[in-house]
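Here is the structure we will look at, set down as structure tokens.
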Amino acid sequence: MILTRHEKEKLILDLFNQEKTYKQIAKIARVSLRDIKPLLEKAEKEREKQLAYRLFSEGKNPLDVVSELNLEEPEATRYYIEYWKLRDLYSLNRVYEEVGDDG
């Protein structure tokens with residue numbers, strides 16, 4: 001069975017969460033050992049970003065996020081800026097939905 005890239009990445013993450021070793025993951029997912037670490041790092045960054053967004057949505061500021069997630073300040077600030085851009089886009093989309101094409 002041939003897996004898409006996304007399916008293979010999900011499989012690798014699932015195997016890692018099952019506490020499989022890199023060698024076991026490589027064998028089961030049929031990937032190189034060197035391909036596993038970057039994928040896990042990418043997934044960790046995404047998880048970190050989602051946690052930061054959640055904290056910002058709870059009213060936390062970048063300093064709070066730095067201490068809670070053990071991040072460097074520039075990274076927390078970058079997540080904060082991204083979060084506000086996403087919120088603005090969400091707000092803009094809500095206005096568009098309310099006004100529709102008539103505005």
Side-chain angles (χ1 to χ4, degrees):
M1 178 168 81
I2 297 174
L3 300 177
T4 66
R5 186 174 138 243
H6 179 72
E7 291 169 334
K8 192 168 277 199
E9 288 176 357
K10 185 178 179 332
L11 173 62
I12 292 168
L13 292 173
D14 289 344
L15 293 169
F16 180 77
N17 290 331
Q18 294 171 24
E19 299 183 0
K20 302 286 185 192
T21 66
Y22 278 30
K23 190 173 182 178
Q24 291 170 320
I25 293 170
K27 184 176 180 181
I28 295 168
R30 297 181 182 184
V31 296
S32 168
L33 284 169
R34 71 174 185 272
D35 294 336
I36 297 170
K37 186 175 179 183
L39 181 107
L40 295 176
E41 288 173 346
K42 177 183 163 191
E44 178 59 25
K45 282 290 181 194
E46 185 58 34
R47 187 186 72 78
E48 185 178 83
K49 183 191 304 187
Q50 295 304 319
L51 286 172
Y53 288 175
R54 183 177 52 82
L55 292 171
F56 292 138
S57 72
E58 294 171 0
K60 306 283 184 175
N61 63 44
L63 185 58
D64 297 327
V65 172
V66 163
S67 65
E68 274 197 55
L69 299 181
N70 196 29
L71 297 175
E72 296 291 324
E73 180 276 327
E75 196 164 25
T77 300
R78 189 184 78 227
Y79 290 157
Y80 193 57
I81 291 167
E82 289 174 8
Y83 170 76
W84 278 105
K85 284 180 182 177
L86 290 171
R87 275 190 56 121
D88 287 345
L89 288 175
Y90 175 74
S91 297
L92 181 61
N93 187 55
R94 288 193 56 193
V95 169
Y96 175 77
E97 287 177 357
E98 290 175 17
V99 173
D101 291 333
D102 298 334

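What's counted below: heavy atoms across the whole structure, side chains too, no hydrogens, waters or symmetry copies.
When side chains are defined from C-beta on, Lys37 does not count as touching Leu40, because their heavy atoms never get closer than 4.5 Å. At least one side-chain heavy atom of Tyr53 sits less than 4.5 Å from a side-chain heavy atom of Leu86.
Within the structure, salt bridge (Lys or Arg N to Asp or Glu O under 4.0 Å) contacts touching residues 14-27 (residues at least two apart or in different chains) are Lys10-Asp14. Sorted by first and then second residue, the ring pair (Phe, Tyr, Trp, His ring centres under 6.0 Å) pairs with a member in residues 55-77 read Phe56-Tyr80, Phe56-Tyr83; sequence neighbours excluded. Counting only residues at least two apart or in different chains, salt bridge (Lys or Arg N to Asp or Glu O under 4.0 Å) contacts with residues 72-82 comprise Lys45-Glu75, Lys49-Glu82, Arg78-Glu82.
Residues satisfying the side chain to side chain donor-acceptor pair (under 3.5 Å) criterion with Glu9, sequence neighbours excluded, are Arg5. Under the side chain to side chain donor-acceptor pair (under 3.5 Å) criterion, Asp35 pairs with no residue, sequence neighbours left out. With sequence neighbours left out, the side chain to side chain donor-acceptor pair (under 3.5 Å) criterion links Glu46 to Gln50.
Across every non-hydrogen atom of Ala29 and Ile12, the tightest pair is CB-CG1, 3.8 Å. Counting all heavy atoms, side chain and backbone alike, Leu55 lies closest to Glu68 at CD2-OE1, 3.6 Å. Taking all atoms of both residues into account, the shortest heavy-atom contact from Ala76 to Pro62 is CB-O, 3.9 Å. The shortest non-hydrogen separation linking Leu33 to Ala26 is CD2-CB, 3.8 Å. Taking all atoms of both residues into account, the shortest heavy-atom contact from Glu7 to Leu3 is OE1-CA, 3.4 Å.
For the atom pair Leu11 CG and Leu15 CG, the distance stands at 4.5 Å (nearest 0.5 Å). Taking CG of Leu69 as the start and CG of Leu51 as the end, the distance is 5.5 Å to the nearest 0.5 Å.
With Thr77 contributing its side chain and Pro74 its backbone, the two residues share no donor-acceptor pair below 3.5 Å.
Under the 4.5 Å side-chain heavy-atom criterion for grouping Ile, Leu, Val, Met, Phe, Trp and Tyr, Leu63 is not connected to Tyr79 through any hydrophobic cluster.
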Please determine whether side-chain contact (heavy atoms from CB on, under 4.5 Å) holds for the pair Phe16 and Leu39, giving the CA-CA distance in whole Å, both sets of side-chain angles, and the decisive distance to 0.1 Å. CA-CA 11 Å; Phe16 180 77; Leu39 181 107; over 6 Å; no
